[in-house]
Amino acid sequence: MKDEANARIDEEAIIAMLMMRAKALGEKNAKDVLSYETEDEIEFSLAPPLVGIGKDEASLQAWFDTWEGPIGGDVRDAKLTVGEDVAFWSGLTRMTGTKTDGAAVDLWFRQTLGLVKQDGRWLVAHQHASVPFAMDGSGRALLDLKP
């Protein structure tokens with residue numbers, strides 16, 4: 001069982017790591033983003049395929065290259081639960097910016113991160129991002145929802 005001081009140290013380390021990872025995402029630096037992930041990280045992202053396993057710097061950089069300028073963001077309703085060597089973060093995440101085709105992006109989505117402590121360092125081992133879809137039979141993604 002964790003004592004309070006160690007729990008606070010781990011919580012602060014995770015938050016610092018997530019902030020540095022968010023900075024790398026905003027700056028579209030694939031190598032730095034992936035430095036905060038495990039080698040066998042599992043990802044359920046908004047884009048295909050259904051599941052991604054492991055680091056794929058080329059694909060992440062190709063996606064970053066579809067953005068003009070930095071990618072903005074915001075988080076609401078974040079929750080962090082920390083155990084001995086496993087932690088979970090969840091929240092509503094906002095992605096903003098302009099695509100290279102001129103399209104403006106302002107999207108809120110749900111995000112959950114599973115983290116593990118490896119060699120004293122917290123890393124993302126699992127990520128899941130999703131948006132709700134209409135339950136009226138259309139299967140339409142609801143991209144205009146705001147918290």
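Bear in mind that the values here come from a model prediction, so they are computed numbers and not experimental data. Only this structure's heavy atoms are used, side chains among them; waters, hydrogens and symmetry mates stay out. In this chain, residues are counted from 1 in sequence order.
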First locate atom [atom1] of [X], then atom [atom2] of [Y], and finally report the distance between them rounded to the nearest 0.5 Å.
| X | Y | atom1 | atom2 | value |
| --- | --- | --- | --- | --- |
| Arg110 | Asp77 | CZ | CG | 13.0 Å |
| Thr93 | Arg76 | OG1 | CZ | 11.5 Å |
| Glu11 | Thr81 | CD | OG1 | 9.5 Å |
| Asp10 | Lys117 | CG | NZ | 3.5 Å |
| Leu34 | Arg21 | CG | CZ | 8.5 Å |

Starting from [Y], can I reach [X] by hopping between I/L/V/M/F/W/Y residues whose side chains sit under 4.5 Å apart?
| X | Y | answer |
| --- | --- | --- |
| Leu80 | Val124 | yes |
| Ile15 | Leu115 | yes |
| Ile14 | Leu113 | yes |
| Trp67 | Leu107 | yes |
| Leu142 | Met135 | no |

Minimum heavy-atom distance [X]-[Y], with the two atoms named:
| X | Y | value |
| --- | --- | --- |
| Pro147 | Leu92 | CB-CD1, 3.7 Å |
| Asp106 | Lys146 | O-NZ, 3.7 Å |
| Ser90 | Thr112 | CB-OG1, 4.0 Å |
| Thr96 | Gly73 | OG1-N, 3.9 Å |
| Phe109 | Ser130 | CB-O, 3.4 Å |
| Met20 | Tyr36 | CB-OH, 3.3 Å |

Would you say that Glu37 contacts Glu43 through its side chain, given a criterion of any heavy-atom pair below 4.5 Å between the two side chains?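 Counting from C-beta outward, Glu37 and Glu43 never come under 4.5 Å.
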Lys55 side chain reached by Glu41 side chain, heavy atoms, under 4.5 Å: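 No, every pair of side-chain atoms sits at 4.5 Å or beyond.
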Apply side chain to side chain contact (heavy atoms under 4.5 Å, CB included) to residues Gln127 and Gln111 and explain how you reach the verdict. CA-CA 7 Å; Gln127 10 182 355; Gln111 187 171 38; 4.2 Å; yes
Ring centroid separation for His126 and Phe44, is it under 6.0 angstrom?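 Yes: the rings meet the under 6.0 Å criterion.
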Hey, is NZ on Lys79 packed in by over 12 heavy atoms from elsewhere, all under 6.0 Å?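 Counting neighbours around NZ of Lys79, 12 or fewer heavy atoms of other residues, nucleotides or ligands fall under 6.0 Å, so no.
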Determine whether the side chains of Lys99 and Thr66 contain a donor N or O and an acceptor N or O closer than 3.5 Å.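 On atom types as modelled, these side chains qualify, holding a pair under 3.5 Å.
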Identified side chain to side chain contact (heavy atoms under 4.5 Å, CB included) partner of Val82 from the options Trp89, Trp122, Phe88: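 Single side chain to side chain contact (heavy atoms under 4.5 Å, CB included) partner of Val82 among Trp89, Trp122, Phe88: Trp122.
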Would Met17 and Arg121 satisfy side chain to side chain contact (heavy atoms under 4.5 Å, CB included), going step by step from the backbone distance to the final call? CA-CA 9 Å; Met17 181 274 290; Arg121 186 170 175 235; 5.9 Å; no
Does Trp63 offer a backbone N or O that forms a donor-acceptor pair with the side chain of Lys28 under 3.5 Å?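 It does not hold such a pair.
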Is there a side chain to side chain contact (heavy atoms under 4.5 Å, CB included) between Leu145 and Val131 once you walk through the steps? CA-CA 9 Å; Leu145 298 177; Val131 295; over 6 Å; no
